[in-house]
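Encoded as structure tokens, the structure appears first; notes follow it.
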Amino acid sequence: MPSITAIRGSFFDITAPVSQPEELPAHARYIEDGLLLLCEGEILSLQTWEAGQHQLAAGQPITDYRGKLIVPGFVDSHIHYPQTEMIGAFGEQLLEWLQQYTFPVESQYHCPQHAAKMSAFFLHQLLSNGTTTALVFGTVHPESVDALFSAAEGLGMRLIAGKVMMDRHAPDYLTETPEQSYRQTRELIERWHNRGRLSYALTPRFAPTSSPALLEKVRQLKEAYPDIWLHTHLSENPQEVAWVNALFPERDGYLDVYHHYQLTGRRSVFAHCIHLEDSEWDCLHQTDSAVAFCPTSNLFLGSGLFKLQTCWQKNVRLGIGTDVGAGTTFNMLQTLGEAYKVGQLQQYKMAACEAFYHATLGGAQALDLHHKIGNFQPGKEADFVVLDPAVSALQKLRCANSRDIWEKLFVLMTLGDDRNIACTWVNGKLVWQPQSEEKAA
Ligand code: GUN
Ligand code: ZN
């Protein structure tokens, strides 16, 4: 008999994808005293304690998280693992920042030992911040991706990642030929795509570092592997957009460079999308492509303000990305707090319900993983995070002053950080709690 895990506590999730923020409250579920049953990494049921307790077998152990708030594991829809070691680099905007800080750091990932060490560190950062799934950039080196997938496999995490493809406008030590890029990417896909919970994303860095010949190779790979993901940057910074227009004058704007090579689609995720033309939003919608909104990165690099309202109006799927190391935290609560402020600067009020949707089911939808993760529906994979709603004196004061779950969630995303992550579960197993941090230290 497979064994059942029973968890008691308060639960919050969004039970169905929505197309307008106004629909969210009707799909939000809050169970103050709930019982979650898991079996072999899957969710069996979530119900009230009152209804569920009678179904428990005699002697069934119960993990008691009363006083905590349990939400689906956070989904980080855009992040660079090799940039962990250069987070918080001073002074530059995108193009200078890449040259001055990013490329030199990424040069180290040809070394399997370095890549393995940083992969372990990176995944530990994700889990200790409650993030259970991410869409991740490696470097141009296949070794970087082998190391990351191996480490994620060891933890049982659901992860999508890929090797950067890049053949121009970067230092020689990081560029490759289109043929090399094609061959190495193909080998990685064969090795890792659809292996357990791992999936592969074709990862051309962005249009300026991609020649037409390289983009043609990406197109061929997408055609050869129709269920593969595509992950890149789009329209992040005004100088970058001008550069793309100069490099590809025959194309009708930045997104059209990717669209021309058939790189838009249901499993395509474009990070940033700050300076899009109206027609580009329409193209994202028509091709069912998704967007990653990365507020801390956009503020830190001075890239601009993402138009969340337009994204809803254009009915484009959206996830939240931390974009470490241009982003300044791995923590999704802090990232949601910054997303709220980006909204405020544009007279858009992002309610907590919306914020937690983007970080969970919405993010899963953006990655086309909503049939596997994102909420507590029976049959989904059991990835979740146990939040302590109030850990500091200030949080305790403010939390005691909160009238309902909406206000509690909002205070959590405004004042919260990694201290609020009580523990993280992946695939039905406890994989991180603060004691493991102390042991590791
Ligand atoms: N555009 C191209 N490469 C990068 C990168 O590494 N980070 C960010 N934020 N934007 C990019
Ligand atoms: Zn990025």
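Just follow the structure's listing: the first ligand is 1, and inside any ligand the first atom is 1.
A perpendicular orientation is assigned to the rings of Phe12 and Trp406, their planes being inclined by more than 60° (bins at 30° and 60°).
For residues 171-209, the ring-ring contact (aromatic ring centres under 6.0 Å, His included) pairs, not counting sequence neighbours, are Phe149-Trp192.
Within the protein, the number of N/O/S atoms found under 2.8 Å from the Zn ion (ligand 2) is 4.
Thr264 and His259 form a side-chain donor-acceptor contact under 3.5 Å, judged by distance and modelled atom types alone. In the model, His114 has a side-chain atom that pairs as donor or acceptor with a side-chain atom of Glu85 under 3.5 Å. A donor and an acceptor atom, one from each side chain of Asp417 and Asn129, are nowhere located under 3.5 Å apart. Of the N and O atoms on the side chains of Gln344 and Tyr340, at least one donor lies less than 3.5 Å from an acceptor on the other residue. There is no side-chain donor-acceptor pair under 3.5 Å between Asn331 and Asp418.
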Under 3.5 Å, sequence neighbours excluded: what are the donor-acceptor pairs made by side chains of residues 422-431?
{"unit_1": "Thr424", "atom_1": "OG1", "unit_2": "Leu127", "atom_2": "O", "d": "2.7"}
{"unit_1": "Trp425", "atom_1": "NE1", "unit_2": "Tyr65", "atom_2": "OH", "d": "3.0"}

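Taking the six-membered ring for Trp, Tyr81 and Phe137 have ring centres at least 6.0 Å apart.
For ligand 1, the protein residues placed under 4.0 Å by at least one non-hydrogen atom are His80, Gln83, Leu94, Trp97, Leu98, Arg205, Phe206, His233, Glu236, His272, Asp323, Ala326.
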